[in-house]
Amino acid sequence: MHRSAISHSRLMRESTDRIEIALRSDDTKEHLIAHRLSESSSSWQLWENEHSGLMRHVADYGVLRTQAAALRQTALRLIHGKALFEYLRRNEVRGAERVRILHHFYPTRGYQHAIIAEHGAFVRKACSYLCASHVGTGLVQDPVFLDPMEHYENLYADYFDLYCATLLPEDGVESASERSLLPLLKHQLNEWRWIILNPRESQPRIKREREIRGATGETQRLPYLKLQPRDGV
């Protein structure tokens with residue numbers, strides 16, 4: 001890990017370079033969001049202003065260790081911020097269900113304004129998360145941005161799926177069953193948030209998880225509760 005703090009200009013340079021790499025990437029997902037961001041100068045300028053603010057918050061800490069902590073906090077907020085559009089896309093939510101979901105999160109906006117605003121926010125936050133992950137793994141060399149952050153992102157997607165399912169119940173029994181799982185998932189999220197924000201204290205727990213995976217042959221990802229897809233998805 002580098003000993004000196006990272007300047008705001010370096011953080012921004014690394015970020016814009018990462019977007020350029022994404023534009024040439026064979027990874028369809030990251031190529032698409034980078035392409036959407038660069039489609040217009042206004043979209044790029046808006047993202048650059050927002051991302052500059054995020055990186056300024058990180059750079060303002062004069063010690064690399066506290067910069068790494070700020071970067072982790074930023075990454076967690078970006079995971080939360082891009083979750084709604086990812087939910088809509090992942091579950092192919094259409095028609096009346098999409099209208100109801102967007103009305104829940106944008107109660108004072110009409111549907112068209114809400115979906116445009118949410119898509120724009122998703123593109124910007126997804127690009128910022130891509131950059132934050134790049135800085136975390138490559139520049140800061142923080143292992144938290146590998147397995148633990150990926151695990152948290154997957155777990156938060158499960159939580160968000162379940163939360164939205166309670167907004168669109170197919171019957172009363174299913175809704176009650178789904179609601180009963182929400183506290184469990186929220187507890188798991190809080191545990192993993194603590195692990196991410198306190199990497200030194202959480203090392204024994206992470207080591208234990210990896211040993212369990214090694215013993216069972218599961219080496220690709222930390223275990224997490226995966227919900228069954230809803231009918232028709």
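All residue numbers refer to positions in the sequence shown, counting from 1. Just so it is clear, the values below take in all heavy atoms, side chains as well, and ignore hydrogens, waters and symmetry mates.
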Qualifying residues under side-chain contact (heavy atoms from CB on, under 4.5 Å), relative to [X], sequence neighbours excluded:
X	result
Ala69	Arg72
Thr108	none
Thr74	Leu54, His57, Val58, Arg77, Leu78
Glu39	His35, Arg36

Applying ring-ring contact (aromatic ring centres under 6.0 Å, His included), can you list everything that pairs with [X], at least two apart in sequence or on another chain?
X	value
Trp194	none
His104	Tyr163
Tyr106	none
His134	none

- [ ] Verify the distance criterion only: is there a donor paired with an acceptor across the side chains of Gln188 and Arg193 at less than 3.5 Å?
- [x] no
Assigning hydrophobic clusters by single linkage (Ile, Leu, Val, Met, Phe, Trp, Tyr; side-chain heavy-atom cutoff under 4.5 Å), is [X] placed with [Y]?
X	Y	answer
Leu46	Ile115	no
Leu32	Leu84	no
Leu197	Leu189	yes
Met149	Leu139	yes

TODO: Provide the closest heavy-atom pair for Ala5 versus Tyr61 in the form atom of the first, atom of the second, distance.
DONE: CB-O, 4.2 Å
Task: Non-hydrogen atoms of Pro148 and Pro143 that approach each other most closely - done: CD-O, 3.7 Å
When rounded to the nearest 0.5 angstrom, what is the spacing between [atom1] in [X] and [atom2] in [Y]?
X	Y	atom1	atom2	answer
Leu76	Ile196	CG	CD1	5.0 Å
Leu23	Leu37	CG	CG	8.0 Å
Asp158	Asn154	CG	CG	7.0 Å
Ile19	Trp44	CD1	CH2	5.5 Å
Phe160	Tyr87	CZ	OH	8.0 Å
Leu184	Tyr159	CG	OH	11.5 Å

Open item on the list: Let's go through His103 and Tyr111 carefully: what are the C-alpha distance in whole Å and the side-chain angles of both, what is the deciding distance for ring pair (Phe, Tyr, Trp, His ring centres under 6.0 Å) to 0.1 Å, and is it a yes or a no?
Closed with: CA-CA 7 Å; His103 178 71; Tyr111 172 77; over 10 Å; no
Report yes if the side chains of [X] and [Y] come closer than 4.5 Å at any heavy-atom pair, otherwise no.
X	Y	answer
His31	Thr28	no
Ser42	Trp47	no
Lys82	Glu153	yes
Val93	Glu97	yes
Tyr152	Glu191	no
Asp147	Glu150	yes
Leu168	Ile101	yes

Task: Heavy atoms of other groups near His80 NE2, more than 12 under 6.0 Å - done: yes
- [ ] Without swapping roles, check the side chain of Thr66 against the backbone of Val63 for a donor-acceptor pair under 3.5 Å.
- [x] yes
- [ ] Please list all pairs passing the salt bridge (Lys or Arg N to Asp or Glu O under 4.0 Å) test where one or both residues lie in residues 105-117, with sequence neighbours left out.
- [x] none
Task: Sequence neighbours excluded, every pair satisfying salt bridge (Lys or Arg N to Asp or Glu O under 4.0 Å) that has a member inside residues 116-135 - done: Glu50-Arg124
- [ ] Step by step, work out the side-chain contact (heavy atoms from CB on, under 4.5 Å) result for Val135 and Phe145.
- [x] CA-CA 9 Å; Val135 170; Phe145 280 89; over 6 Å; no
Task: Pairing residues for Ser15 by the side-chain hydrogen bond (donor to acceptor under 3.5 Å, both in side chains) criterion, not counting sequence neighbours - done: His51
TODO: Please test Asp161 against Asn91 for side-chain contact (heavy atoms from CB on, under 4.5 Å), starting from the C-alpha separation and ending with a verdict.
DONE: CA-CA 8 Å; Asp161 280 4; Asn91 295 284; 3.2 Å; yes
Task: Intermediate values then yes/no, side-chain contact (heavy atoms from CB on, under 4.5 Å), Leu88 and Arg98 - done: CA-CA 7 Å; Leu88 296 174; Arg98 176 177 282 202; 4.2 Å; yes
- [ ] Run the numbers on Ser7 and Met12 for side-chain contact (heavy atoms from CB on, under 4.5 Å), then give the verdict.
- [x] CA-CA 9 Å; Ser7 68; Met12 289 301 295; over 6 Å; no
- [ ] Tell me, please, which residues at least two apart from Arg18 pass salt bridge (Lys or Arg N to Asp or Glu O under 4.0 Å).
- [x] Glu30
